Amino acid sequence: MRTGLYPGTFDPVTLGHLDIIRRAAPLVDELVIGIAINRDKGPLFSLDERVAMIEAECGLLSERFGVKIRAHPFENLLIQCARDVGAQLIIRGLRAVADFEYEFQMVGMNRVLDNSVETVFLMADTEHQAVASKLVKEIARLGGDVSHFVPAPVAQALRRKFDGDAAG
């Protein structure tokens, strides 16, 4: 069985993330969405909220591709997470040259730590190349329409977060 790991903070999950998940699913028998617990980034959404968003969005994709897709929170090294879930592949999405430079360094470090785990890069679809969770949160915080960047339930969750901030 071939298991792939697609890691990220998913704060929040975007249409760009879902595009990578959709394209990665046929490549593996099981796709684990590694949701990073990164306290230094100060996520807007709690871990439970991020897991729920991933599970809600990936349920239909799992059925569509006949691939088990599951969320797996992690707070350790990416390569250790890959070992923990039995992944042979780490799947990473690339949007721009800057992404590649960072990812290239990470692959090199991961290969030293465990050369049995391969990294596969999927280029972001052109319509999603500019989408970044950080920018989506900024647009939502300033009252902009994020419906072109995130699924409808995520856009609603963003509105609730920021409407709650304005009310409090």
Side-chain angles (χ1 to χ4, degrees), residues 1-38 41 43 45-96 98-100 102-104 106-107 110-111 113-137 146-158:
M1 185 165 108
R2 184 179 312 239
T3 300
L5 170 64
Y6 177 41
T9 52
F10 303 102
D11 184 43
V13 63
T14 68
L15 295 177
H17 293 131
L18 293 173
D19 175 58
I20 297 295
I21 292 168
R22 190 177 306 108
R23 292 170 42 222
L27 304 176
V28 294
D29 301 302
E30 178 183 36
L31 182 58
V32 178
I33 311 303
I35 302 174
I37 302 167
N38 189 337
K41 282 192 172 183
F45 291 97
S46 71
L47 176 62
D48 290 342
E49 289 170 317
R50 291 181 285 142
V51 168
M53 285 181 204
I54 288 289
E55 289 175 344
E57 295 300 325
C58 290
L60 292 174
L61 291 175
S62 183
E63 290 176 24
R64 178 178 168 193
F65 292 107
V67 171
K68 182 179 180 182
I69 301 175
R70 65 182 173 97
H72 176 82
F74 74 101
E75 193 171 21
N76 53 357
L77 287 173
L78 175 58
I79 203 71
Q80 185 58 52
C81 178
R83 289 181 191 138
D84 292 346
V85 300
Q88 298 85 25
L89 298 172
I90 295 171
I91 297 161
R92 302 294 290 174
L94 295 177
R95 293 172 298 187
D99 285 348
F100 178 78
Y102 171 76
E103 295 294 342
F104 184 78
M106 190 156 54
V107 168
N110 285 338
R111 296 286 296 168
L113 295 172
D114 187 338
N115 68 0
S116 71
V117 179
E118 289 292 340
T119 300
V120 175
F121 295 108
L122 297 176
M123 292 301 300
D125 189 273
T126 53
E127 70 180 285
H128 302 300
Q129 285 181 352
V131 179
S133 293
K134 180 179 179 179
L135 297 175
V136 168
K137 288 184 286 192
V146 295
S147 64
H148 298 289
F149 311 117
V150 296
V154 175
Q156 293 166 358
L158 283 161

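Just so it is clear, the model here is predicted, and its values are computed rather than measured.
- In this structure the side chain of C81 never reaches within 4.5 angstrom of the side chain of E75, judged on heavy atoms.
- Heavy atoms only, all atoms of each residue included: V51 and A71 are closest at CG1-CB, 4.0 Å.
- Checked against ring pair (Phe, Tyr, Trp, His ring centres under 6.0 Å), Y102 has no partners two or more places apart in sequence or in another chain.
- I35 is not listed as a side-chain neighbour of D11, based on a closest heavy-atom distance of 4.5 Å or more.
- Under the 4.5 Å side-chain criterion, counting only non-hydrogen atoms from C-beta, L15 is not in contact with F149.
- Applying the side-chain hydrogen bond (donor to acceptor under 3.5 Å, both in side chains) test to R22 and every residue at least two apart in sequence or in another chain returns nothing.
- A distance-only check finds a donor-acceptor pair linking the side chain of R50 to the backbone of F45 [under 3.5 Å].
- Here the side chains of K137 and P12 are in contact, with some heavy-atom distance below 4.5 Å.
- Taking both residues in full, the closest heavy atoms of F10 and G34 are given as CE1-O, 3.4 Å, listed atom of the first, atom of the second, then distance.
- Inter-residue side-chain proximity for D19 and L122 is flagged as unmet; no heavy-atom pair is nearer than 4.5 Å.
- Side-chain contact between N110 and V117 is absent, with no heavy-atom pair separated by less than 4.5 Å.
- When all heavy atoms are compared, the tightest approach of Y6 to G93 is CE1-N, 4.2 Å.
- Between A24 and I91 the shortest heavy-atom distance is CB-CD1, 3.7 Å.
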Can I get a per-line list of side-chain donor-acceptor pairs under 3.5 Å for residues 59-70, giving both atom names and the distance, sequence neighbours left out?
unit_1, atom_1, unit_2, atom_2, d
S62, OG, V67, O, 2.5
R70, NE, E30, OE2, 2.7

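- With sequence neighbours left out, T14 forms a side-chain hydrogen bond (donor to acceptor under 3.5 Å, both in side chains) with H17.
- Pairs engaging residues 78-89 under the side-chain hydrogen bond (donor to acceptor under 3.5 Å, both in side chains) rule: N76-D84, Q80-R83, Q80-D84, R83-D114 [sequence neighbours left out].
- The two atoms that bring L94 and E103 nearest to each other are CD2-CG, 3.6 Å, heavy atoms only.
- L18 is listed as a side-chain neighbour of P151, based on a closest heavy-atom distance under 4.5 Å.
- More than 12 non-hydrogen atoms from other residues, nucleotides or ligands lie less than 6.0 angstrom from CZ of R111.
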Listing, residues 123-132 side-chain donor-acceptor contacts under 3.5 Å, not counting sequence neighbours, or none:
unit_1, atom_1, unit_2, atom_2, d
D125, OD1, E127, N, 3.1
Q129, NE2, A124, O, 3.4

